[in-house]
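To start, the structure itself, in C-alpha cells.
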Amino acid sequence: MSEERSLNFIEEIVEEDIHEGKHGGRVLTRFPPEPNGYLHIGHAKSICLNFGVAQKYGGQTNLRFDDTNPVKEDVEYVDSIKEDVKWLGFEWANELYASDYFDLLYAFAVNLIRQGLAYVDDSTPEEIAEQKGTPTEPGKGNKYRNRSVEENLRLFEEMKNGQFPDGAKVLRAKIDLASPNMHMRDPIMYRIKHAHHHRTGDKWCIYPMYDFAHGESDAIEEITHSVCTLEFIPHRPLYDWFIEKLEIFPSKQYEFARLNLNYTVMSKRKLLQLVTENYVDGWDDPRMPTISGLRRRGYTPASIRDFCERIGVAKRENMIDVGLLEFCIREDLNKTAWRRMAVLDPVKLIITDYPEGKSETVFNENNPEVEGGEGGREIPFSRELWIEREDFMEEPPKKFFRLAVGNMVRLKSAYIVKCEGFKKDEAGNITEIYCTHIPESRSGNDTSGINVKGTIHWVSVPHAKTAEVRLYDRLFQVEDPSNEDGDFKEYINPNSLHILPNAYIEPDLATAVPGKGYQFIRKGYFTLDKNSTPDKLVFNRTVTLKDGWVKK
RNA sequence: UGUCCGAUAGUAUAAGGGUAGUACAAGUGAUUUUGGUUCAUUUAGUCUUGGUUCGAAUCCAGGUCGGACAACCA
C-alpha cells in the first residue's frame with residue numbers, strides 16, 4: 001500500500017472526518033445524475049471521484065437519479081446512465097430515485113409549514129422574479145407571505161390534490177428576502193406540474209425543486225459526503241438550512257471544479273442540440289464527449305479512469321487539453337492492442353522480380369510490447385501489394401525515409417525492396433510503383449546485411465479484404481466554443497468526420513471483435529463500429545499514433 | 001456596484017512556515033523491422049503591494065484579474 005500520490009482536498013476532508021470519528025468512520029457518497037441526457041466525460045470525473053473516495057476509505061456509493069422534473073426526464077436516460085457507470089467499472093451500493101422520496105418530502109414540507117417556515121404563494125413567475133430584487137437590491141415580500149399555518153396547510157394539500165392548474169401556486173420557504181444570497185430569498189420548494197413521471201406515473205402533480213429534494217435525499221440516505229460542482233456553492237446555505245430546520249441527518253456538501261475539455265462542449269443542453277439537430281449521429285457519435293461516444297470511438301474504461309486520475313480534483317476553474325485524454329488512450333492501447341496492417345489510402349506496388357502467381361506467408365507478432373508478443377499470425381505476401389500513397393514521393397524532401405526512386409525500405413515483416421520506378425496516368429496521378437526485392441532480406445532470417453531507415457506497412461492485393469474506415473477529428477474548431485460570440489454551433493468543424501469507403505485490410509482483420517482495440521501499424525488505433533457487419537466492416541479510428549515526423 | 005469562490009511553468013496538479021516537485025505538451029540525444037514504443041536529458045512557474053517571521057507559494061491586510069449567483073431547471 002505505498003501511496004505516492006498526494007490526496008486531493010476531498011480526500012483530505014474525508015480522512016480528517018474519519019480521524020475525528022465522524023459518523024463512526026462511515027463513508028457514503030452518491031452519484032446523482034438527472035436522467036435527462038447521456039453521461040459525458042465530465043460526469044466520469046464526478047463518478048471517479050465519488051466512487052473512488054468511497055472505495056479508498058472502505059465506504060460505498062449510491063446511484064441516485066435526481067428525477068424531480070418529469071417533463072425533461074426519461075427511462076432511456078436512466079438505462080444509459082446505468083450502463084455507462086457499470087462500463088466505467090463501478091458498482092453502486094443502491095440504485096435509488098429522488099422520486100422514491102416524494103411521500104417523505106411531502107411530509108417534510110408539511111413539517112416546515114407547521115413551523116411557519118413555508119408558505120403557499122399565488123404569484124406568477126414574473127411577480128416572484130420581480131419581488132426577488134437583484135444581487136445588489138433586497139427583495140420584498142407580498143401578502144401571501146403572511147398566510148396562516150392552517151391556510152398554508154390547506155392550500156398545499158389542495159395543490160397536491162390537483163385542484164389548481166400548472167403555475168397557479170408554489171410552496172416557498174420563508175427565509176429572508178433581503179439575504180445577500182439570492183438562493184435564500186424565499187426559494188421555491190414545490191411547483192405544480194400536471195405531468196406524467198417516468199416512475200411515479202400520475203400519482204403526483206406537484207414536484208419538489210432541486211433545492212428541496214437534493215439535500216433531503218442525501219439526508220434520507222445518510223450520505224456523509226455530498227460532492228458536487230462549484231456552481232452549487234451558493235446553494236449550500238440553503239442545503240444546510242433545510243437540514244437544520246427539519247432536524248434530519250446532517251449530510252455535508254462539498255464542491256469541486258467541473259471538468260472542461262477544449263475543442264468540445266460539455267453541457268447537456270448543447271449536446272442535446274447536437275443530437276436533435278443532427279449535427280452528429282446520436283448521443284454515442286464517436287465525436288461526442290459522452291461516455292457512450294468515447295466507448296464507440298474505442299476508448300477503454302481504464303483509459304478514462306486514468307485520465308480522471310491525472311487531471312486531479314481542485315476548486316479552480318480549468319480547461320484540460322484533449323491531448324491528455326489522447327495520451328491516456330494511447331498509453332493503454334499501446335500495451336493491449338494487437339497490431340494489424342491496413343492501408344487506408346492505397347496505391348499499388350509491384351515487385352517486378354517476384355514471380356507472378358506466387359505467394360508466401362510472413363509472420364508478425366500480435367503485440368511487440370508484451371514478452372512473447374501474445375502470439376501472432378501468418379500474413380499472405382505476393383507480387384502485388386497495396387501500400388500507403390503517402391509512403392511514396394516522386395520528389396522526396398531530405399530525411400524522407402520511405403519510398404522514392406532509388407530508395408530502399410523494409411516491407412514490415414517481409415522483404416527489403418528497392419524502388420525502381422513508377423507509372424502515372426494522364427492526370428498525373430501515380431498509379432503503380434515498381435520495386436525489386438532482396439530475397440536474402442526476409443524477416444527472421446535476414447542475411448543481406450542491409451540496413452534501411454524506413455519500414456512501411458502493406459497488404460497483399462489478391463488477399464486483401466476491404467473495410468470502411470472512419471477518421472474523426474475534433475468536433476469544434478475553437479478551444480472553447482461556448483465562450484465564443486454567437487451560437488456555439490457556428491464553430492463546428494466541418495471536417496470532423498472523414499470516411500474512407502474502401503480501405504484494404506489484412507485478412508485476419510475480418511475476425512475483429514467489437515469492443516477490442518487494434519493498432520493499424522503506423523496509422524493509429526482503431527475499433528470496430530457498432531454498425532459493422534461481416535459483409536461491410538466498419539472501423540472507427542480511436543486516435544492516431546503520435547507523429548514525430550514533422551514535415552516542412 | 002452586493003454576496004460567495006478562486007489565482008503555482010503552455011495545460012493541469014503537489015508542496016499545509018524551512019530545497020518549488022510530478023504529469024502532459026515542447027526541445028535534444030540514444031534505441032527501434034511502426035518517424036510508434038522505451039530510455040536519457042533540457043526548457044519553463046508561485047497575480048500584485050505591503051505586513052508578521054530568522055525564514056512565506058503557504059499566515060494577515062489591501063489591490064488586480066477570473067468565475068459563480070437574480071429558471072415554477074438540475
Side-chain angles (χ1 to χ4, degrees), chain A residues 4-8 12 32-34 36 66-69 71-73 98 121 123-125 128-130 132-139 166-172 179-185 187-193 206-207 209-211 213-214 228-237 255 257 262 268-269 309-321 323-328 330-331 334-335 339 341 364 368-369 399-402 409-414 416 441 443-444 446 451-457 519-524 544-551:
Chain A
E4 325 81 359
R5 195 177 64 83
S6 52
L7 303 180
N8 64 51
E12 285 177 1
E34 182 188 15
N36 67 342
D66 230 335
D67 55 350
T68 58
N69 187 1
V71 303
K72 287 190 176 176
E73 297 154 7
D121 192 328
S123 306
T124 64
I128 288 180
E130 146 89 59
K132 211 159 206 175
T134 70
T136 51
E137 299 164 284
D166 287 6
K169 288 177 166 50
V170 291
L171 182 71
R172 289 227 255 170
S179 170
N181 182 342
M182 298 297 288
H183 295 276
M184 298 299 273
R185 321 247 265 225
I188 293 171
M189 296 164 59
Y190 268 93
R191 75 289 214 188
I192 302 172
K193 271 181 200 273
I206 57 171
Y207 292 92
M209 297 286 289
Y210 166 85
D211 284 308
H214 200 96
C228 62
T229 46
L230 253 30
E231 63 270 27
F232 291 98
I233 289 178
H235 295 247
R236 193 185 336 125
E255 311 87 5
N262 60 8
K268 279 195 208 167
R269 203 192 96 248
E309 187 72 27
R310 285 169 183 272
I311 58 179
V313 177
K315 295 191 76 156
R316 99 165 113 144
E317 310 273 351
N318 57 75
M319 173 70 77
I320 307 285
D321 193 325
L324 183 62
L325 222 205
E326 295 176 344
F327 166 83
C328 291
R330 283 194 190 105
E331 187 177 60
N334 177 49
K335 284 182 293 210
R339 272 57 171 174
M341 292 205 282
N364 179 242
E369 293 302 307
K399 299 254 189 141
F400 183 75
F401 301 149
R402 288 113 98 152
V409 298
R410 156 94 48 197
L411 294 170
K412 176 75 182 170
S413 297
I416 291 174
S441 66
S443 286
D446 183 346
N451 275 319
V452 292
K453 277 263 170 80
T455 298
I456 65 173
H457 60 283
Q519 185 194 105
F520 289 3
I521 292 174
R522 299 209 304 138
K523 297 311 298 181
T544 61
L545 255 29
K546 200 168 136 193
D547 190 359
W549 189 56
V550 279
K551 314 156 186 119

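These numbers come from the heavy atoms of this one structure, side chains and all, not from hydrogens, waters or symmetry mates.
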Legend entry - salt bridge (Lys or Arg N to Asp or Glu O under 4.0 Å) against A/K523, all qualifying residues, sequence neighbours excluded: A/E390
Legend entry - Intra- and inter-strand pairs of RNA chain B in dot-bracket (Watson-Crick or G-U wobble, both distances under 3.5 Å; | for another strand): .((((((..((((....[..)))).(((((.......)))))....(((((..]....))))))))))).....
Legend entry - Partner residues of A/T455 under the side chain to side chain contact (heavy atoms under 4.5 Å, CB included) criterion, sequence neighbours left out: A/R410, A/K412
Identify the pairs formed between an N or O of the protein and an N or O of nucleotides 19-24 of chain B at a distance under 3.5 Å, and give each distance.
{"residue": "B/rA23", "atom": "O2'", "partner": "A/R310", "partner atom": "NH1", "Å": "2.7"}

Inset, instruction - Respond yes when some side-chain nitrogen or oxygen of A/R522 is under 4.0 Å from OP1 or OP2 of B/rG35, and no when none is. - result: yes
Inset, instruction - Please name all residues satisfying side chain to side chain contact (heavy atoms under 4.5 Å, CB included) with A/M184, sequence neighbours left out, ordered by chain then number. - result: A/I175, A/S179, A/N181, A/P237, A/L238, A/W241
Legend entry - Under the side-chain hydrogen bond (donor to acceptor under 3.5 Å, both in side chains) test, residues paired with A/T68 that sit two or more places apart: none
Inset, instruction - Using ring-ring contact (aromatic ring centres under 6.0 Å, His included) as the criterion, list what pairs up with A/H457, not counting sequence neighbours. - result: none
Legend entry - Base-contact (B) and sugar-phosphate-only (S) positions in nucleotides 67-74 of chain B, heavy-atom cut-off under 4.0 Å, - elsewhere: SSSBSBSB
Legend entry - Qualifying residues under side chain to side chain contact (heavy atoms under 4.5 Å, CB included), relative to A/L230, sequence neighbours excluded: A/I233, A/E255, A/A257, A/K315, A/E317
Inset, instruction - Tell me, please, which residues at least two apart from A/T134 pass side chain to side chain contact (heavy atoms under 4.5 Å, CB included). - result: A/T136, A/E137
Any N/O pairs under 3.5 Å between the protein and nucleotides 26-31 of chain B? List them or say none.
none

Legend entry - Pair A/L171-A/I188, side chain to side chain contact (heavy atoms under 4.5 Å, CB included): steps then yes or no: CA-CA 6 Å; A/L171 182 71; A/I188 293 171; over 6 Å; no
Inset, instruction - Not counting sequence neighbours, which residues clear ring-ring contact (aromatic ring centres under 6.0 Å, His included) with A/F327? List them please. - result: none
